[in-house]
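Take a look at the structure below.
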Amino acid sequence: MTARLARNALLVLICMAPWSLEGRAQDPTIDSVGVSVQDRPVQVTVGPGASVTKLQRVKGDIVELVVKDTPVELDAVLNMRNTPSIRNMDAMSSGGRVWFVRVGLRDAQSDLEARVEDGVLTLEVVPRTSRDSPVRGRVATVEELVNGPLPSAPPRPEVLELTSLPGDAVSLAMEPWSYAVTLLPSPGWLPRSTWDAVDRARTAMLGATSSAAETQARYRLGLHYLELGFGKEARYYFNEISKRPGPVSQRDLEVARARAALSCGRWDEARQHLIEAWRLGAPEAGVLEGMAVVSLATSNPPRAATGRALAAATARPESRMLAAELLQRDGYVSETRPILEGLGPQLSSEDAERVALRLGDALLMDGDVPAAVRAWGQTRPDLAVMRERLVELLRGDPSQWAAAIPGLVQSSIPRTDAGAESLYLLAQIDLAVPIATREDAINELAAIMRRYPRKAEGSDVPERFWRVYSGYVGELAKAGRWFDIAAMHEAVWDRTVRRAITDSRVLVDVARAYEEVGLPERAMVVLRDAVEVLNAKGQDDAGLVFQLARLYAKTQRHDAGLKSIAYMEAMGIPPELRGPAALTEAELHAGTGDLAAAADALRRAGLIPEYRDEASLRLAMMDAEAGRCARAAPSLQRLLFTPKGEETYTAAEPWVALARCLRVAGDREGAARAAKGAAARSSSDGESRYATWLAAAASDWRDEESVATLVEGDDIWALMAKEQQASEAFELELQARRETEWSARR
């Protein structure tokens with residue numbers, strides 16, 4: 001009650017201004033608050049500088065007006081006003097002394113004439129002569145947007161041969177958090193929101209003597225914060241009220257909570273509050289406007305359907321601009337032409353530039369190129385130039401498109417909307433003209449993802465990139481150009497592409513490329529990406545997981561590798577992978593020091609005929625390393641000392657293990673043979689020298705070739721060989737002297 005009295009007092013003061021008195025003197029039917037009391041034209045004193053614009057009529061019984069430059073709080077004057085011809089009126093502040101007024105007529109065949117003369121707004125119901133501006137396609141209701149099913153959408157028009165950036169990557173994109181929701185207004189009784197009003201509301205809340213008074217004060221405080229742009233604080237107070245139902249209308253509270261959630265970017269929360277507000281009877285246009293902001297941010301509800309519904313519900317310029325934005329981002333560009341035409345002059349300069357760009361695009365898709373060029377002339381110059389260049393290319397011969405490449409390269413340098421458009425156009429041209437390469441297109445699409453990550457995420461750039469990239473990688477892999485694959489992937493890959501991957505085998509080729517050039521860590525990252533992509537799609541690929549486990553083993557990531565093996569076992573290891581998986585599991589267990597588990601995995605692998613020899617070899621090597629040569633040597637001899645074994649086992653390690661075991665067992669000949677086999681197969685100079693030393697030692701240093709090879713070096717093995725030679729020479733000399741008569745020693 002106190003707030004209402006203060007509001008009325010404020011209106012009396014406004015209406016007592018000199019211009020207000022002048023307006024009343026001219027028309028004695030104006031009452032003390034400036035409103036007509038007769039059932040004739042409704043008259044409201046709005047001030048000498050005020051103006052009114054009647055908007056295009058889009059909904060049968062609703063007429064919408066924009067009143068500018070008035071200090072009068074029109075919501076308190078007009079809201080819920082009715083006459084025999086007018087069902088109700090709602091005035092909503094757009095800020096900056098601008099008000100948006102919706103007038104509901106009792107007869108849809110009537111019309112409303114609005115004018116401002118001598119500071120007085122006159123609203124007069126007259127016979128209708130105009131038609132509604134229809135929206136293409138059947139319009140969804142709020143019920144359908146919330147619960148479905150939605151009306152069948154018209155087919156999207158075919159795209160042009162060359163296009164500008166689509167979807168959320170459109171130039172001059174609207175940001176949902178910057179859109180000012182107007183059709184969900186604050187209550188008309190709310191005094192003007194100032195910091196003094198905030199202090200008064202807080203004082204009333206803290207000094208309240210009843211829970212009802214406290215709730216009302218808290219509600220008023222939240223509304224003031226919301227009007228001042230402090231959505232987080234407003235959301236807190238509204239949420240507190242919702243915990244303790246009180247005298248605040250549930251519908252009004254849900255509207256306020258929806259507005260607060262929108263201002264905080266809590267889109268899912270805002271959607272739920274809007275739905276609840278609609279169920280409680282909130283105005284449809286306001287609910288649709290809020291849902292449209294949520295749709296712009298999340299695509300839920302669907303954008304095109306929401307845009308059509310909003311465009312059919314209100315002619316408010318900002319709302320129609322939002323509706324057109326939703327439709328264009330969903331691919332219905334030409335459909336927005338009737339929505340956008342005539343909007344520019346009614347908007348801010350920034351919004352007018354956006355509308356000019358969108359209208360030009362709609363006209364181009366409608367085939368009206370001259371009108372499109374005229375519209376683009378009202379947008380930002382660099383974007384207008386890009387659109388005109390696009391038209392020139394579309395009108396020209398595709399064989400001459402390459403001539404535009406140098407200019408597009410130059411215009412792609414600035415990190416602006418026009419720069420992104422240039423890169424996108426360059427990529428399309430490089431895929432179309434013979435003199436360009438697919439690698440050029442890949443680099444340009446990658447540049448968009450690198451420089452404009454948000455644009456890339458909201459467009460088809462990742463999908464275009466993947467189509468070109470995957471085909472090119474496949475060709476390079478067939479040619480064995482592994483270094484080229486690794487170098488390209490390193491330069492152009494972006495995580496945004498993961499959503500576009502349709503064939504994970506391409507990434508297996510990339511991982512192999514990294515392995516081939518000696519970068520197993522990078523290969524592991526690529527395969528991990530591939531597995532995550534499949535998981536996100538609800539798919540499994542045991543072969544891919546196995547390759548990842550193998551790389552984990554190669555890079556000493558034993559715990560991660562064992563988790564991959566366990567994941568394979570959970571999904572079911574295919575028969576063809578059971579042997580390799582068991583061998584890899586054994587390697588991983590051995591890396592963690594769990595030799596018993598490693599031996600168990602090798603025994604399981606040994607049950608599969610084609611992997612029996614490999615498993616036996618590894619078990620024997622484990623025995624050899626543990627000093628169990630009596631068990632290791634027979635298996636190693638059986639596997640290595642055969643023509644097949646000498647050809648198959650090209651690694652030096654098993655030969656070294658056999659040489660050491662045979663030397664311990666006293667089999668000098670076998671040990672020397674195994675050691676020479678190790679020396680011949682080793683890729684390490686140190687390991688080869690050690691094997692040569694084993695061969696020499698096993699032959700009791702009678703293998704002249706091995707001894708000669710050792711003494712040629714300058715390492716520890718050469719030193720030991722030389723010491724052995726010196727020792728033998730000393731022993732020979734000593735023996736000779738022992739056998740010589742004392743008389744001859746002189």
Side-chain angles (χ1 to χ4, degrees), residues 3-4 6-8 10-15 17 20 23 30-37 41-47 49-59 61-83 85-106 112-116 119-125 180-193 223-224 226-227 249 251-252 255-256 259 281-290 313-320 346:
R4 186 177 290 109
R7 182 71 162 205
N8 290 339
L10 177 63
L11 291 171
V12 170
L13 290 175
I14 292 173
C15 295
S20 193
I30 305 295
D31 67 7
S32 62
V33 292
V35 182
S36 171
V37 296
V42 174
Q43 293 184 306
V44 179
T45 304
V46 291
S51 64
V52 63
T53 301
K54 181 180 173 183
L55 301 179
Q56 183 181 18
R57 190 160 168 181
V58 297
K59 194 170 180 65
D61 58 349
I62 301 295
V63 177
E64 297 171 304
L65 313 169
V66 175
V67 182
K68 296 182 178 180
D69 299 321
T70 176
V72 177
E73 303 288 331
L74 290 182
D75 56 347
V77 176
L78 291 178
N79 279 15
M80 306 308 294
R81 177 80 176 181
N82 61 71
T83 72
S85 300
I86 295 175
R87 185 177 68 252
N88 68 290
M89 288 184 278
D90 288 293
M92 291 151 274
S93 174
S94 296
R97 296 160 58 104
V98 177
W99 290 83
F100 176 69
V101 182
R102 285 173 62 89
V103 180
L105 302 176
R106 296 187 186 277
L112 189 72
E113 189 178 275
R115 61 186 181 275
V116 174
V120 176
L121 169 65
T122 300
L123 306 177
E124 184 175 4
V125 178
V181 175
T182 296
L183 304 184
L184 291 171
S186 292
W189 51 260
L190 185 71
R192 185 181 297 277
S193 293
L223 290 173
H224 283 314
L226 192 57
E227 293 294 317
S249 159
R251 185 195 68 182
D252 293 345
V255 167
R259 290 180 59 204
E284 182 182 59
V287 172
L288 282 171
E289 184 186 35
T314 177
R316 179 174 176 261
E318 292 81 1
S319 299
R320 291 179 75 76
Q346 305 173 48

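Each residue takes its place number in the sequence, starting with 1.
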If we only count heavy atoms from C-beta on, is the [X] to [Y] side-chain gap below 4.5 Å?
{"X": "Val46", "Y": "Val120", "value": "no"}
{"X": "Ile86", "Y": "Val42", "value": "yes"}
{"X": "Val63", "Y": "Arg57", "value": "yes"}
{"X": "Ile62", "Y": "Val103", "value": "no"}
{"X": "Val52", "Y": "Val66", "value": "no"}
{"X": "Thr70", "Y": "Val98", "value": "no"}

Any chance you could measure [X], atom [atom1], to [Y], atom [atom2], to the nearest 0.5 Å?
{"X": "Met92", "Y": "Asn79", "atom1": "CE", "atom2": "CG", "value": "7.5 Å"}
{"X": "Asp75", "Y": "Ser93", "atom1": "CG", "atom2": "OG", "value": "7.5 Å"}
{"X": "Thr182", "Y": "Trp99", "atom1": "OG1", "atom2": "CH2", "value": "10.5 Å"}
{"X": "Leu123", "Y": "Ser85", "atom1": "CG", "atom2": "OG", "value": "12.0 Å"}
{"X": "Lys68", "Y": "Thr53", "atom1": "NZ", "atom2": "OG1", "value": "5.5 Å"}
{"X": "Asp90", "Y": "Arg81", "atom1": "CG", "atom2": "CZ", "value": "14.0 Å"}

- request: Could you walk me through whether Thr314 and Arg102 pass the side chain to side chain contact (heavy atoms under 4.5 Å, CB included) test, one step at a time?
  value: CA-CA 9 Å; Thr314 177; Arg102 285 173 62 89; 3.8 Å; yes
Which heavy atom of [X] sits nearest to which heavy atom of [Y], and what is that distance?
{"X": "Val287", "Y": "Ala282", "value": "CG2-CB, 3.9 Å"}
{"X": "Pro187", "Y": "Leu223", "value": "CD-CD1, 3.7 Å"}
{"X": "Pro317", "Y": "Leu55", "value": "CD-CD1, 3.8 Å"}
{"X": "Phe100", "Y": "Leu183", "value": "CE2-CD2, 3.2 Å"}
{"X": "Val255", "Y": "Pro185", "value": "CG1-O, 4.5 Å"}
{"X": "Arg192", "Y": "Pro71", "value": "NH2-O, 4.2 Å"}

- prompt: Glu318 and Arg320: salt bridge (Lys or Arg N to Asp or Glu O under 4.0 Å), yes or no, with the steps?
  reply: CA-CA 6 Å; Glu318 292 81 1; Arg320 291 179 75 76; over 6 Å; no
- request: Flag the pair Glu289 and Arg316 as a salt bridge only when some basic side-chain nitrogen lies within less than 4.0 angstrom of an acidic carboxylate oxygen.
  value: yes
Lys/Arg N to Asp/Glu carboxylate O, Glu73 vs Arg97, below 4.0 Å: no
query: So, Glu227 versus Ser186: side-chain donor-acceptor pair below 3.5 Å or not?
result: yes
[X] side chain to [Y] backbone, donor-acceptor under 3.5 Å:
{"X": "Arg87", "Y": "Leu105", "result": "yes"}
{"X": "Arg106", "Y": "Thr83", "result": "yes"}
{"X": "Glu64", "Y": "Ala315", "result": "yes"}
{"X": "Lys54", "Y": "Leu112", "result": "yes"}
{"X": "Arg259", "Y": "Leu184", "result": "yes"}

query: Between Lys59 and Glu284, is a side chain to side chain contact (heavy atoms under 4.5 Å, CB included) present by the stated rule, with each step listed?
result: CA-CA 12 Å; Lys59 194 170 180 65; Glu284 182 182 59; 3.7 Å; yes
